[in-house]
Amino acid sequence: MLLVVALVTVLPIVLGASAVKEENQWPTPTIPNLKVTNIIERGLADFSGSVPLKMKMDCDLKCLAERMQQVMNSNEVDQMFSYETLYENGSVVLTEINVDKSTLVDQRQQEEDTPEISRQKREIYGYDTRFVVTDKEYLSQYPFNAVVKLSTGCTGTLISQKYVLTAAQCVHDGTAYVKGTKQLKVGFRRDRIFEEGPPASDDDQLQDQDKDFYWIRATEIKVPQGWMKRRGRDSKAAEYDYAVIRLKRPHDKDFMDIGITGPSLIYPGRRLHFSAFDDYNSTDLLYRFCPVGDFNNDMLYHFCDSKPMAAGAGLYVRLWDSLKRDWRRKVLAVFSGHVWVEDGDIVGEYNAAVLITPLKYAQICFWLEGDFSSCSRGDE
């Protein structure tokens, strides 16, 4: 049973950076350098894909960690972080990227000695700990007003005035673009009935017919090639389950900054937070928090209660930002949803999220800024 509650705002206690433990500070790692090497037109997109209710893989947690430990050669890194852009007219462009390998930091040592945890099944773990955010006052306040609903059914997080972070599976199934992505729209909860939202264009009048959401069309969708290489239950592609959507016009809500994970930031028991529109036909925004269960350099596994359409939600924590000298919530992972693993005699279920590493941050930042030099410090 879901709880319907009014959430209480807790005033932050401002401390000096010297009084804040390392695990409670946003890291400021070296951001890798990337450059565009080639742009290739790929013609019109295939829109025969579908959003999975459950992602299937051929590898359990231990196996997945071992695979992600394997060092990719230079060409493989470049291929995985090259990306496709889908435009609103249905055309697709491949942008090939070169990663400066001298700026990469080997983070594999951080997952050594990771303690084993007991695995639990199902999307809802025992007593349902999700809360329906019903009070209009809270729905209109940060961080809840930074959560949006995609017309394909998934959830997304606002990360700038015109960009949304979501899961790649919400727009592409690894083989083809999801049905509906050519006319993809992003829904914003109205603060009050028939709130107009920002000015709409002549061809964007769908919003006037929905009392719960107003909608803004997408003009671009960017997906890493690492996800495009997903075939069947290929688990390696799971760490590239993220995408960015560009809106046709700016929204009038708050947005959340992107954080970067570090060796001291993620550990078993660390509390995560996220909100999502869990059900396709529901307008309820559900908030929850839960501890990290297990993790490696690229993914974390948790026991956050959820349903399929929560995929794409941004998981966040609130930490001290030494550059801004303030406590700030930032997205540190993208929720992939419920994962079903079949590997011979091994069968398992868990909820997973893709961590935002320095390299992924550099890529996402470039998608927003259009210039890698703007992303060099990780404080944008």
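The chain is numbered in sequence order, starting from 1.
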Hey, does [Y] have a side-chain heavy atom less than 4.5 Å from the side chain of [X]?
X      : Y      : result
Tyr301 : Asp294 : yes
Leu300 : Leu315 : yes
Ile364 : Tyr163 : no
Asn145 : Ser140 : no
Leu265 : Leu319 : yes
Leu332 : Ile356 : no
Val223 : Tyr240 : no
Arg189 : Phe144 : no

Among residues at least two apart in sequence or on other chains, which ones pass side-chain contact (heavy atoms from CB on, under 4.5 Å) with Lys162?
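Here the qualifying residues are Arg246, Pro250.
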
Report the residues that fulfil side-chain contact (heavy atoms from CB on, under 4.5 Å) with Asn281, sequence neighbours left out, ordered by chain and then residue number.
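By the side-chain contact (heavy atoms from CB on, under 4.5 Å) rule, Asn281 matches no residue at all.
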
Separation of [Y] [atom2] from [X] [atom1] (nearest 0.5 Å):
X      : Y      : atom1 : atom2 : answer
Gln25  : Leu323 : CD    : CG    : 10.0 Å
Ile221 : Leu184 : CD1   : CG    : 4.5 Å
Asn89  : Lys182 : CG    : NZ    : 7.5 Å
Asn33  : Asp100 : CG    : CG    : 5.0 Å
Ser160 : Ile258 : OG    : CD1   : 8.5 Å
Ile97  : Leu34  : CD1   : CG    : 6.0 Å

Pairing residues for [X] by the side chain to side chain donor-acceptor pair (under 3.5 Å) criterion, not counting sequence neighbours:
X      : value
Asn75  : none
Arg271 : none
Asp78  : Asn98, Lys101
Glu84  : Arg42, Tyr177

So does Asp278 pair up with Arg288, basic N to acidic O under 4.0 Å?
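Looking at Asp278 and Arg288, the cut-off is met.
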
Is a donor on one side and an acceptor on the other found under 3.5 Å between the side chain of [X] and the backbone of [Y]?
X      : Y      : result
Gln161 : His251 : yes
Trp26  : Lys330 : no
Asp326 : Arg328 : no
Thr155 : Thr166 : no
Gln169 : Ser336 : yes
Thr157 : Ala313 : no

Starting from the C-alpha separation in whole Å, work towards a yes-or-no answer on side-chain contact (heavy atoms from CB on, under 4.5 Å) for Gln225 and Leu94.
CA-CA 9 Å; Gln225 280 288 286; Leu94 170 65; 3.7 Å; yes

For the residue pair Gln363 and Tyr242, confirm or rule out a side-chain donor-acceptor distance under 3.5 Å.
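Note: Gln363 and Tyr242 side chains meet the donor-acceptor criterion.
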
Under a 3.5 Å cutoff, is there a donor and acceptor pairing between the side chains of Lys248 and Thr219?
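No - no donor-acceptor pair under 3.5 Å links their side chains.
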
Between [X] and [Y], is there a shared hydrophobic cluster once you connect ILVMFWY residues whose side-chain heavy atoms come closer than 4.5 Å?
X      : Y      : answer
Val334 : Phe289 : yes
Tyr87  : Val92  : yes
Met228 : Leu44  : no
Val36  : Ile31  : yes
Tyr142 : Leu285 : yes

Compare every heavy atom of [Y] with every heavy atom of [X], then report the nearest pair and how far apart it is.
X      : Y      : result
Asn351 : Phe335 : CB-CE1, 4.0 Å
Ala176 : Ser48  : CB-OG, 3.6 Å
Glu369 : Cys375 : CG-SG, 4.2 Å
Asp173 : Trp227 : C-NE1, 4.1 Å
Val331 : Gly314 : CG1-CA, 3.9 Å
Leu355 : Asn297 : CD1-O, 3.9 Å

For [X], enumerate each residue passing the ring pair (Phe, Tyr, Trp, His ring centres under 6.0 Å) test, keeping only those at least two apart in sequence or located in another chain.
X      : value
Phe277 : Phe213
Trp367 : Tyr83
Tyr316 : His273

For Arg270, which residues count as a salt bridge (charged side-chain N to carboxylate O under 4.0 Å, His left out) partner, sequence neighbours excluded?
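With neighbours one apart ignored, the set is empty.
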
Partner set under salt bridge (charged side-chain N to carboxylate O under 4.0 Å, His left out) for Lys360, not counting sequence neighbours
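Counting only residues at least two positions away or on another chain, Lys360 forms a salt bridge (charged side-chain N to carboxylate O under 4.0 Å, His left out) with Asp298.
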
Which donor-acceptor pairs under 3.5 Å do the side chains of residues 146-154 make with protein atoms, sequence neighbours left out?
| residue | atom | partner | partner atom | Å |
| --- | --- | --- | --- | --- |
| Lys149 | NZ | Asp279 | O | 3.3 |
| Lys149 | NZ | Tyr280 | O | 3.2 |
| Ser151 | OG | Lys185 | N | 3.0 |
| Ser151 | OG | Lys185 | O | 3.4 |
| Thr152 | OG1 | Cys170 | O | 3.2 |

